[in-house]
**Student:** 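Before I ask anything, here is the structure I am working with.
Quick caveat: nothing in here was measured; it's all calculated off a predicted structure.
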Amino acid sequence: MRSTRFARLVLPALVLALALAASAAAQQVPAGFVSLFNGKDFTGWKVPVGDNDHWKVVDGVIDYDAQSESAQDKSLYSVAEYGDFVLRLEWRIKETPYINPNVPIIRFDGSHKKGPDGKEIRIPVPDSDSGIYLRGSSKAQVNIWAWPIGSGEVYGYRMDQKMPPEVRAGVTPKANADRDIGQWNAFEITMKGDRLTVVLNGISVLENAQLPGIPSRGPLALQHHGQKKDGVWTGPPSLVQFRNIAIKELK
């Protein structure tokens, strides 16, 4: 009887303590950095108005199901704005239920490979899609997705035909450093002036890429992408999670 009563009293407290310890360990902040996510709630973030609990915190991580009900921008923005910084965060794609039928083969210079008929080659890929907006700019988004080129590219600049060839090539990943779907990945994103460096899982995928015209300051954002129609995804959804988000501002 005593052992049963002891278990009833002590075990819940032990489970809670272990959960809190795990959460604290998961949110460790590197020296010189400031945490942007406390692992418990959205303090420091702007949840979209009318979201209806699609952006949420689950087991110490930011979890999104790509179905925000907001009538406005559905992405999750930081309250604070930043200029030059080093941003570290971990992310993972939970699943890829949508088969994207139109994924191009991206060449080293950011262009798309073509077939003998002169048309772009497109291949089907199981896909989900999100990213990190830099300085509040959707154009300056560091991509998270399942394309063969790998995450870390800046789609808005690569696809802008008005940009010089060296800019478009510079924002094209030099390696696919993504881990398998479902596994955690680590970004280190350095923004200084209009220059961007992205390290993914310890591999430099963008090095000193230029982003002409990027705002001098602005918030960060975790991107929403995709929607359903009649219960079916019509594009790659942002079925993603984020954790260990920390920033160091540069002078």
**Student:** How long is the span from the CG atom in L206 to the CD1 atom in I189, to the nearest 0.5 Å?
**Tutor:** 9.5 Å
**Student:** Please confirm whether the backbone N or O of V49 pairs with a side-chain atom of S70, one donor and one acceptor, at under 3.5 Å?
**Tutor:** yes
**Student:** Please report the interatomic distance NE2(H54) to OG(S238), rounded to the nearest 0.5 Å.
**Tutor:** 11.5 Å
**Student:** Do K56 and D65 sit within salt-bridge range, that is, some charged N less than 4.0 Å from a carboxylate O?
**Tutor:** no
**Student:** Within the side chain of R122, is there an N or O that forms a donor-acceptor pair under 3.5 Å with the backbone of V103?
**Tutor:** no
**Student:** Would K251 and D84 pass as an ion pair if we require N to O under 4.0 Å?
**Tutor:** no
**Student:** Begin with the C-alpha distance, continue with both residues' side-chain angles, and end with the deciding distance and a verdict on side chain to side chain contact (heavy atoms under 4.5 Å, CB included) for D63 and V57.
**Tutor:** CA-CA 6 Å; D63 181 271; V57 177; over 6 Å; no
**Student:** Any non-hydrogen side-chain atom of R135 less than 4.5 Å from a side-chain atom of M191?
**Tutor:** yes
**Student:** Hey, does the side chain of N100 reach the backbone of P124 with a donor-acceptor pair shorter than 3.5 angstrom?
**Tutor:** no
**Student:** Would a single hydrophobic cluster contain both L220 and V47, if residues Ile, Leu, Val, Met, Phe, Trp and Tyr are joined by side-chain heavy-atom contacts under 4.5 Å?
**Tutor:** yes
**Student:** Assess whether a salt bridge exists between K162 and D160, defined as any Lys/Arg side-chain N lying under 4.0 Å from an Asp/Glu carboxylate O.
**Tutor:** no
**Student:** Does OH in Y82 sit with more than 12 non-hydrogen atoms of other residues, nucleotides or ligands closer than 6.0 Å?
**Tutor:** yes
**Student:** Go through it in stages, so that I can follow the logic: the residues are V171 and E153, the test is side chain to side chain contact (heavy atoms under 4.5 Å, CB included), and I'd like the CA-CA distance, side-chain angles, deciding distance and then a yes or no.
**Tutor:** CA-CA 5 Å; V171 297; E153 82 143 8; 5.8 Å; no
**Student:** Check whether any side-chain heavy atom of P212 lies under 4.5 Å from a side-chain heavy atom of V167, and answer yes or no.
**Tutor:** yes
**Student:** For K228, I'd like to know if atom NZ has over 12 heavy atoms of other residues, nucleotides or ligands within 6.0 Å.
**Tutor:** yes
**Student:** Say whether V199 and I247 are linked into one hydrophobic cluster, either directly or through other cluster members, by side-chain heavy-atom distances under 4.5 angstrom.
**Tutor:** no
**Student:** Indicate the atoms forming the closest heavy-atom contact of E95 with L239, along with that distance.
**Tutor:** CG-CD1, 3.7 Å
**Student:** Checking R158 side chain against G110 main chain: does a donor-acceptor pair fall under 3.5 Å?
**Tutor:** yes
**Student:** Quick check: closest heavy atoms across D53 and D51, and the distance to 0.1 Å?
**Tutor:** N-OD2, 3.2 Å
**Student:** Can I123 be reached from I106 by stepping across I, L, V, M, F, W or Y side chains whose heavy atoms are under 4.5 Å apart?
**Tutor:** yes
**Student:** Given side chains that start at C-beta, do those of F108 and T172 come closer than 4.5 Å, heavy atoms only?
**Tutor:** no
**Student:** Side chains of H112 and E120: any donor to acceptor distance under 3.5 Å?
**Tutor:** yes
**Student:** Are any of the side-chain heavy atoms of Y98 and V125 separated by less than 4.5 Å?
**Tutor:** no
**Student:** Measuring from atom CG of L36 to atom CD1 of I62, what distance do you get when rounded to the nearest 0.5 angstrom?
**Tutor:** 9.0 Å
**Student:** Is the shortest heavy-atom distance from the side chain of Q223 to the side chain of D129 under 4.5 Å?
**Tutor:** yes
**Student:** Got a second to check how far L211's CG is from L196's CG, nearest 0.5 Å?
**Tutor:** 5.0 Å
**Student:** Indicate yes or no for a side-chain donor-acceptor contact from S128 to the backbone of P237 under 3.5 Å, with no hydrogens or angles considered.
**Tutor:** yes
**Student:** Tell me yes or no: between the side chains of Q141 and S138, is some donor less than 3.5 Å from an acceptor?
**Tutor:** no
**Student:** Going by atom types only, do N143 and S151 share a side-chain donor-acceptor pair under 3.5 Å?
**Tutor:** no
**Student:** Looking at W184, I'd like to know if the NZ or CZ of R243 sits under 6.0 Å from its six-membered ring centre while staying within 45 degrees of the ring's axis.
**Tutor:** yes
**Student:** According to a hydrophobic-cluster definition based on side-chain heavy atoms being under 4.5 Å apart (Ile, Leu, Val, Met, Phe, Trp, Tyr only), do I132 and M159 belong together?
**Tutor:** no
**Student:** To the closest 0.5 Å, what do you measure between CD1 (I149) and NZ (K174)?
**Tutor:** 8.5 Å
**Student:** Rounded to the nearest 0.5 Å, how far apart are CD1 of I105 and NZ of K113?
**Tutor:** 5.5 Å
**Student:** What closest approach, in Å, do S75 and Y133 show between heavy atoms, and which atom pair accounts for it?
**Tutor:** OG-OH, 3.9 Å
**Student:** When hydrophobic residues are tied together by side-chain contacts of less than 4.5 Å, even through go-betweens, does W145 share a cluster with V240?
**Tutor:** no
**Student:** Is it true that W147 and D127 share a donor-acceptor pair across their side chains at a distance under 3.5 Å?
**Tutor:** yes
**Student:** Got a donor-acceptor contact below 3.5 angstrom from the R195 side chain to the N208 backbone?
**Tutor:** yes
**Student:** Using distance alone, with no hydrogens and no angle criterion, decide if N185 and R92 have a side-chain donor and acceptor under 3.5 Å apart.
**Tutor:** no
**Student:** Is there side-chain contact between P30 and R88, with at least one heavy-atom pair below 4.5 Å?
**Tutor:** yes
**Student:** Looking at every non-hydrogen atom in both residues, tell me the closest pair between D73 and P48 and how far apart they are.
**Tutor:** O-CB, 3.5 Å
**Student:** Aromatic contact between W45 and Y77, with the criterion being ring centroids under 6.0 Å apart: yes or no?
**Tutor:** no
**Student:** Mind checking whether H224 and Y64 have ring centres under 6.0 Å apart?
**Tutor:** yes
**Student:** In the structure I gave you, are the side-chain heavy atoms of F37 and F242 within less than 4.5 Å of one another anywhere?
**Tutor:** no
**Student:** Any heavy-atom pair between the side chains of P215 and R217 that's under 4.5 Å?
**Tutor:** no
**Student:** Tell me, with the steps shown, if F33 and L87 meet side chain to side chain contact (heavy atoms under 4.5 Å, CB included).
**Tutor:** CA-CA 9 Å; F33 284 73; L87 174 69; over 6 Å; no
**Student:** Testing the basics here: between V205 and A177, what is the closest heavy-atom pair and its distance to 0.1 Å?
**Tutor:** CG1-CB, 4.1 Å
**Student:** Please name the pair of heavy atoms, one in A246 and one in V29, separated by the smallest distance, quoted to 0.1 Å.
**Tutor:** CB-CG1, 4.3 Å
